[in-house]
A.B. asks: 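Below are the structure tokens for one structure; questions will follow.
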Amino acid sequence: MPIQQQEVWSDINFVQDAQGRLKKLVNVDSVIASIDSILRTNRGERWGLPQFGCNLTGLLHENMNSTMEKYATQEIKEAIETWDDRVIVQQVKFFADPDNNSIDVTVLFEIGRAHV
């Protein structure tokens, strides 16, 4: 039976800089996976860590107006920056598609300089 290879998300990679100091390298795909996990997890859903996540599903049936957009933006920004200290959220953009009853969310972020 052949051994199956698994994909591993790892941030534990170090390189030596010009002065001989170790620097942590951040796997960008891992950061994206982390953000995805934070946004798709409802608070209270994760056993042992009930505050983890973001309450986006609670907004599903709300009218998306400027007040709700501000609230959702703050919710997304706080959740990501609370649960992944590598990430600094620059902007959250909403694109409403009322014909399909959906909203696309784009999060623009940078990885903090201390982690690069």
Side-chain angles (χ1 to χ4, degrees):
M1 180 177 208
I3 298 173
Q4 293 183 353
Q5 289 193 5
Q6 293 180 331
E7 189 169 345
V8 177
W9 298 94
S10 174
D11 289 328
I12 307 174
N13 297 311
F14 294 92
V15 294
Q16 210 169 14
D17 67 11
Q19 288 78 32
R21 296 175 298 210
L22 288 179
K23 278 179 59 173
K24 180 179 174 183
L25 289 180
V26 175
N27 179 326
V28 175
D29 290 334
S30 180
V31 172
I32 292 169
S34 172
I35 291 171
D36 185 62
S37 176
I38 292 165
L39 296 181
R40 291 180 186 269
T41 304
N42 296 314
R43 283 200 199 106
E45 183 178 344
R46 186 169 172 183
W47 187 84
L49 197 55
Q51 294 302 314
F52 179 84
C54 189
N55 284 331
L56 289 183
T57 56
L59 304 176
L60 285 178
H61 301 289
E62 299 294 332
N63 290 328
M64 190 49 77
N65 55 33
S66 62
T67 301
M68 190 55 63
E69 194 171 307
K70 279 183 186 178
Y71 174 78
T73 297
Q74 192 63 29
E75 180 74 20
I76 290 168
K77 181 176 177 14
E78 284 180 9
I80 292 171
E81 290 181 351
T82 296
W83 296 106
D84 194 328
D85 66 350
R86 302 169 291 185
V87 178
I88 301 165
V89 176
Q90 298 298 318
Q91 187 176 24
V92 179
K93 295 182 181 180
F94 293 88
F95 302 97
D97 185 359
D99 294 336
N100 291 311
N101 200 25
S102 69
I103 296 172
D104 290 325
V105 178
T106 300
V107 179
L108 303 175
F109 67 91
E110 70 176 287
I111 298 172
R113 293 187 198 355
H115 297 285
V116 178

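Computed from a predicted structure; not experimentally measured.
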A.B. asks: Hey, are the side chains of S30 and R86 touching, using non-hydrogen atoms and a 4.5 Å cut-off?
C.D. replies: yes
A.B. asks: Do L49 and W83 have side chains that approach each other closer than 4.5 Å (heavy atoms only, starting at C-beta)?
C.D. replies: yes
A.B. asks: Would you please name every residue forming a side chain to side chain contact (heavy atoms under 4.5 Å, CB included) with F94, sequence neighbours left out?
C.D. replies: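 Counting only residues at least two positions away or on another chain, F94 forms a side chain to side chain contact (heavy atoms under 4.5 Å, CB included) with M64, E69, A72, T73, I76, V92, I103, V105.
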A.B. asks: Keeping to residues at least two apart or across chains, list the salt bridge (charged side-chain N to carboxylate O under 4.0 Å, His left out) pairs with something in residues 43-58.
C.D. replies: R43-E75
A.B. asks: Side chain of E81, backbone of V89: donor and acceptor closer than 3.5 Å?
C.D. replies: yes
A.B. asks: Extract all donor-acceptor atom pairs below 3.5 Å that involve side chains of residues 34-41 and protein atoms in other chains or at least two apart in sequence.
C.D. replies:
| unit_1 | atom_1 | unit_2 | atom_2 | d |
| --- | --- | --- | --- | --- |
| S34 | OG | D84 | OD2 | 2.8 |
| D36 | OD1 | R40 | NE | 2.6 |
| D36 | OD2 | R40 | NE | 3.2 |
| T41 | OG1 | S37 | O | 2.7 |

A.B. asks: What residues, two or more places apart in sequence or in another chain, satisfy side-chain hydrogen bond (donor to acceptor under 3.5 Å, both in side chains) together with Q91?
C.D. replies: none
A.B. asks: Please identify each residue that fulfils side chain to side chain contact (heavy atoms under 4.5 Å, CB included) with T82, with sequence neighbours left out.
C.D. replies: none
A.B. asks: Would you please name every residue forming a side chain to side chain contact (heavy atoms under 4.5 Å, CB included) with D104, sequence neighbours left out?
C.D. replies: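 Partners of D104 by the side chain to side chain contact (heavy atoms under 4.5 Å, CB included) criterion, ordered by chain and then number, come out as F95.
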A.B. asks: Do the side chain of N65 and the main chain of M68 share a donor and acceptor less than 3.5 angstrom apart?
C.D. replies: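 Confirmed, N65 side chain pairs with M68 backbone.
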